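Here is the structure we will look at, set down as structure tokens.
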Amino acid sequence: ILERLEPTALLTAMSALVALAIGIPAGVIAAVRRNSWVDQVAMFLATLGVSIPGFWLGLNLILLLGVQFQWLPVAGYASLAQKGLGALRYLVLPALSLGVIEAGLIARMTRSSMLEVMRHDYIRTARAKGLPERVVIFRHAFRSAAIPIITVIGNTIAVLMGGAIVIETVFNIPGLGRLVIQSVLRRDYPLIQGAVLFIAVTYVLINLVVDVAYVQADPRIRYS
């Protein structure tokens with residue numbers, strides 16, 4: 001399990017970065033431009049992203065960016081010990097396949113939380129005081145809306161850890177996902193149990209980190 005951990009951990013981290021880089025800005029912009037064409041386009045793309053199967057998106061990315069343009073490797077993996085940061089090139093396409101899908105969920109939750117917060121009186125008060133709009137949005141509204149967003153991010157990371165099984169098979173990455181599939185095919189029950197237990201413990205630890213992050217996002221939780 002430890003031998004297969006590196007590709008899965010890197011893939012999960014890169015996919016989470018892709019999801020956050022797309023989902024949070026899209027959700028904030030959609031909330032600020034509510035009911036505009038920007039909001040409608042952002043939510044349409046978010047819904048489309050949630051609806052697309054990861055393996056289908058991965059195969060199309062292989063065909064477009066790997067085969068046609070030959071920008072990135074289409075399959076396989078090279079460890080950090082072998083190629084250093086160059087090994088990350090092998091994970092760009094699978095990370096996009098996982099991250100774009102989860103970005104849709106994060107964008108929808110971010111928009112919903114921001115709209116809920118922006119109706120409150122203290123947001124109107126901040127604007128009435130003459131604060132710049134970016135300060136109102138990011139320092140007041142976004143921080144107050146962070147609790148449900150953090151929850152979704154934590155669940156997203158856990159889902160990425162398990163969802164890597166299909167993507168690792170499509171891109172021939174020797175990670176935990178392929179290890180589970182190979183163990184099932186070989187009926188290696190101890191290895192299946194160990195891998196599933198490892199993923200379950202990781203899921204619990206991620207939720208623990210999310211609970212700690214609540215305290216940092218909302219000081220009121222420290223006194224509850």
Side-chain angles (χ1 to χ4, degrees), residues 9-52 54 57 92 95-163 201-224:
L10 289 176
L11 176 58
T12 301
M14 290 181 64
S15 302
L17 289 176
V18 171
L20 294 177
I22 298 175
I24 290 181
V28 171
I29 293 173
V32 173
R33 303 289 184 87
R34 182 185 181 186
N35 295 330
S36 67
W37 68 269
V38 176
D39 181 18
Q40 295 175 1
V41 170
M43 288 303 99
F44 170 77
L45 293 177
T47 304
L48 186 64
V50 173
S51 305
I52 294 176
L57 179 59
V92 172
L96 287 173
S97 303
L98 286 171
V100 168
I101 295 172
E102 297 300 326
L105 178 61
I106 294 176
R108 291 172 65 87
M109 179 56 68
T110 301
R111 177 184 182 274
S112 176
S113 300
M114 287 288 292
L115 289 177
E116 180 66 26
V117 168
M118 290 174 67
R119 298 190 185 102
H120 292 173
D121 292 337
Y122 66 87
I123 298 297
R124 286 194 292 269
T125 302
R127 284 171 171 161
K129 289 168 60 178
L131 292 177
E133 186 67 14
R134 58 182 178 82
V135 174
V136 175
I137 296 300
F138 292 103
R139 183 176 296 179
H140 296 280
F142 183 74
R143 184 172 183 181
S144 299
I147 295 298
I149 298 173
I150 292 174
T151 304
V152 172
I153 293 173
N155 290 333
T156 295
I157 295 175
V159 168
L160 289 173
M161 198 78 178
V201 171
T202 303
Y203 196 103
V204 172
L205 293 177
I206 290 173
N207 280 276
L208 177 62
V209 173
V210 168
D211 288 340
V212 174
Y214 288 160
V215 179
Q216 301 299 322
D218 191 347
R220 294 172 298 179
I221 297 178
R222 303 173 189 172
Y223 306 104
S224 59

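What's counted below: heavy atoms across the whole structure, side chains too, no hydrogens, waters or symmetry copies. Note that the structure is predicted; figures quoted are calculated from it, not measured.
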Task: Listed partners of T151 passing side-chain hydrogen bond (donor to acceptor under 3.5 Å, both in side chains), at least two apart - done: Y214

Open item on the list: For E116, give me all partners under side-chain hydrogen bond (donor to acceptor under 3.5 Å, both in side chains), at least two apart in sequence or on another chain.
Closed with: R119

So which heavy atom on [X] is nearest to which on [Y], and how close?
| X | Y | answer |
| --- | --- | --- |
| A42 | A26 | CB-O, 4.3 Å |
| L11 | A95 | CD1-N, 3.6 Å |
| I157 | A16 | CG1-CB, 4.2 Å |
| P148 | A145 | CD-O, 3.4 Å |

Any heavy-atom pair between the side chains of [Y] and [X] that's under 4.5 Å?
| X | Y | result |
| --- | --- | --- |
| F142 | V117 | no |
| I153 | L20 | yes |
| V18 | M14 | no |
| V100 | I52 | no |

Measure the [atom1]-[atom2] distance between [X] and [Y] for me, rounded to the nearest 0.5 Å.
| X | Y | atom1 | atom2 | result |
| --- | --- | --- | --- | --- |
| T156 | I106 | OG1 | CD1 | 4.0 Å |
| L57 | L48 | CG | CG | 9.5 Å |
| M109 | I24 | CE | CD1 | 12.5 Å |

Open item on the list: For I101 and V50: C-alpha separation, side-chain torsions, deciding distance, then whether side chain to side chain contact (heavy atoms under 4.5 Å, CB included) applies.
Closed with: CA-CA 5 Å; I101 295 172; V50 173; 5.6 Å; no

Which pairs would a plain distance check flag for residues 202-210, meaning a side-chain donor or acceptor within less than 3.5 Å of a matching protein atom at least two apart in sequence or in another chain?
| residue | atom | partner | partner atom | Å |
| --- | --- | --- | --- | --- |
| T202 | OG1 | F198 | O | 2.8 |
| N207 | ND2 | Y203 | O | 2.8 |

TODO: Give every residue pair that meets the salt bridge (Lys or Arg N to Asp or Glu O under 4.0 Å) criterion with at least one member in residues 98-111, sequence neighbours excluded.
DONE: D39-R111

TODO: For residues 122-134, pull every pair meeting salt bridge (Lys or Arg N to Asp or Glu O under 4.0 Å), keeping only residues two or more places apart or in separate chains.
DONE: D121-R124, R127-E133

Open item on the list: Give me each pair satisfying side-chain hydrogen bond (donor to acceptor under 3.5 Å, both in side chains) with a member in residues 15-36, each pair once, sequence neighbours excluded.
Closed with: none

